[in-house]
Amino acid sequence: MNDTQRVAIVTGAARGIGAAVARRLATDGHAVAVLDLDEAACGAVVAEIEAAGGRGLAVGVDVTDEEGVTEAVRRVTEALGAPTMLVNNAGIIRDNVLLKMSADDWDSVVAVHLRGAFLLSRAVAAPMREAGFGRIVNLSSTSALGNRGQANYSAAKAGIQGLTKTLAIELGRYGVTANAIAPGFIETDMTAATAARVGMDFEEFKQAAASQIPVARTGRPDDIAHAVSFFASEGAGFVSGQVLYVAGGPRA
Ligand code: NAP
């Protein structure tokens, strides 16, 4: 539990990694806005936070929608207070090899990861500067290093690293840090969808992945939430512009 309660925004937080991050930041003592495309789908995570004695808010928003993001941050500020923590986690995959990848699949993946992270970061920069404190954590991926069938996703996740370092440089003087986490294989609906696409049972897919990972298991959403909790903490104020690979080894 932190000494100072902050207001956090976590995008794509209705399920998967984002839901684990939202629960963890609430356990750390912060009020948490749970943002996702479908507001109703955020309800279960908010209910868990409130049942544990915390403060939560469900907000439906498409992170690529400029006006929608402005309105979402306004609602968070009104209900919970000015946000000084942001976790850009919302993400999609539209995998295909380059020769079969459509321009739409390129655009939508780049938009959700990069435009979304840009819009949210810009929207919270002012309240963070005013507070003289801020923590931005962006979700990259080991795919930033290159991954077959993911030209769109790997470009977006590498872009997230450049965005993170620039936010760190521009906002540091206001007490704001920006860091990125690059997960390896984490057990969520996203990796289950990949298993389905390649025609494998999810358990078999996980075992195959684990056999290539030095710690001999696949990751869980709480593994990522733990790293986010560190970057978001008061004590991590001198850690900025970093990319932490959370992948059970040097890279997955
Ligand atoms: P997930 O289970 O698919 O959850 C992603 C969430 O983001 C979903 O709730 C989804 O909503 C939401 N979302 C998608 N587009 C959105 C938009 N435009 N606006 C608002 N919310 C949107 O994914 P995950 O596995 O937890 O991944 C979370 C993050 O970690 C992503 O950035 C992903 O790229 C990254 N990551 C994951 C892994 C992994 O192995 N799982 C590895 C490396 C990096 P809907 O349910 O309505 O679509």
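Just so it is clear, the values below take in all heavy atoms, side chains as well, and ignore hydrogens, waters and symmetry mates.
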Out of curiosity, [X] [atom1] to [Y] [atom2], how far, rounded to the nearest 0.5 Å?
X      : Y      : atom1 : atom2 : answer
Ser108 : Ile93  : OG    : CD1   : 11.5 Å
Ser141 : Tyr245 : OG    : OH    : 8.0 Å
Glu78  : Leu57  : CD    : CG    : 10.0 Å
Thr164 : Gln161 : OG1   : CD    : 7.0 Å
Arg217 : Glu187 : CZ    : CD    : 8.0 Å
Thr194 : Met200 : OG1   : CE    : 11.5 Å

**Request:** Evaluate side-chain contact (heavy atoms from CB on, under 4.5 Å) for Lys165 paired with Val243, printing each intermediate quantity in order.
**Result:** CA-CA 9 Å; Lys165 289 168 196 281; Val243 180; 4.2 Å; yes

Following the transitive rule for hydrophobic clusters with a side-chain heavy-atom cut-off under 4.5 Å over Ile, Leu, Val, Met, Phe, Trp and Tyr, establish whether [X] and [Y] coincide in one cluster.
X      : Y      : value
Phe230 : Val32  : yes
Ile160 : Leu244 : no
Ile224 : Met190 : no
Phe185 : Val21  : no
Val7   : Val73  : yes

Under a 4.5 Å cut-off applied to non-hydrogen side-chain atoms, are [X] and [Y] in contact?
X      : Y      : result
Val87  : Leu139 : yes
Thr84  : Pro127 : no
Asn138 : Ser140 : no
Tyr153 : Trp106 : no
Val34  : Ile49  : yes
Asp105 : Ser102 : yes
Glu39  : Val46  : no
Val76  : Val59  : yes

**Asked** Counting heavy atoms not belonging to Glu71, are there more than 12 under 6.0 Å from its CD?
**Response**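 For Glu71, atom CD is crowded (more than 12 foreign heavy atoms under 6.0 Å).
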
Answer yes when [X] and [Y] have at least one side-chain N-carboxylate O distance shorter than 4.0 Å, and no when they do not.
X      : Y      : answer
Arg94  : Asp107 : no
Glu50  : Arg55  : no
Arg135 : Glu234 : no
Arg24  : Asp222 : no

Heavy-atom pair with the smallest gap, counting every atom of [X] and [Y]:
X      : Y      : result
Pro83  : Val124 : CG-CG1, 4.1 Å
Leu163 : Ala117 : CD2-CB, 3.7 Å
Ala156 : His113 : CB-CB, 3.8 Å
Ser240 : Val176 : OG-O, 4.4 Å
Ala178 : Leu167 : CB-CB, 3.7 Å
Ile186 : Pro183 : CG1-CB, 3.7 Å

Where the side chain of [X] meets the backbone of [Y], is there a donor-acceptor pair that is under 3.5 Å apart?
X      : Y      : result
Asp201 : Glu204 : yes
Asp65  : Asp62  : no
Asn89  : Thr11  : yes
His30  : Arg6   : yes
Asp36  : Cys42  : no

Side chains of [X] and [Y]: is there a donor and an acceptor less than 3.5 Å apart?
X      : Y      : result
Asn179 : Gln242 : no
Thr64  : Arg115 : no
Asp28  : Ser229 : yes

**Request:** From the options Arg129, Met128, Glu130, select the one residue that forms a side chain to side chain contact (heavy atoms under 4.5 Å, CB included) with Tyr174.
**Result:**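 Only match with Tyr174 under side chain to side chain contact (heavy atoms under 4.5 Å, CB included): Arg129.
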
**Prompt:** So which of Ile17, Asn88, Leu25 actually passes side chain to side chain contact (heavy atoms under 4.5 Å, CB included) with Val10?
**Reply:**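 With Val10 as partner, side chain to side chain contact (heavy atoms under 4.5 Å, CB included) holds for just one option, Leu25.
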
**Request:** Evaluate the side-chain contact (heavy atoms from CB on, under 4.5 Å) criterion for residues Arg122 and Phe118: first the C-alpha distance (whole Å), next the side-chain angles of each, then the deciding distance (0.1 Å), finally the verdict.
**Result:** CA-CA 6 Å; Arg122 193 182 61 176; Phe118 156 68; 3.6 Å; yes

**Request:** Decide side-chain contact (heavy atoms from CB on, under 4.5 Å) for Leu120 and Ile9; before the verdict, give the C-alpha distance in whole Å, the side-chain angles of both, and the deciding distance to 0.1 Å.
**Result:** CA-CA 9 Å; Leu120 264 299; Ile9 289 176; 4.3 Å; yes

**Request:** Step by step, work out the side-chain contact (heavy atoms from CB on, under 4.5 Å) result for Val137 and Leu86.
**Result:** CA-CA 6 Å; Val137 184; Leu86 168 66; over 6 Å; no

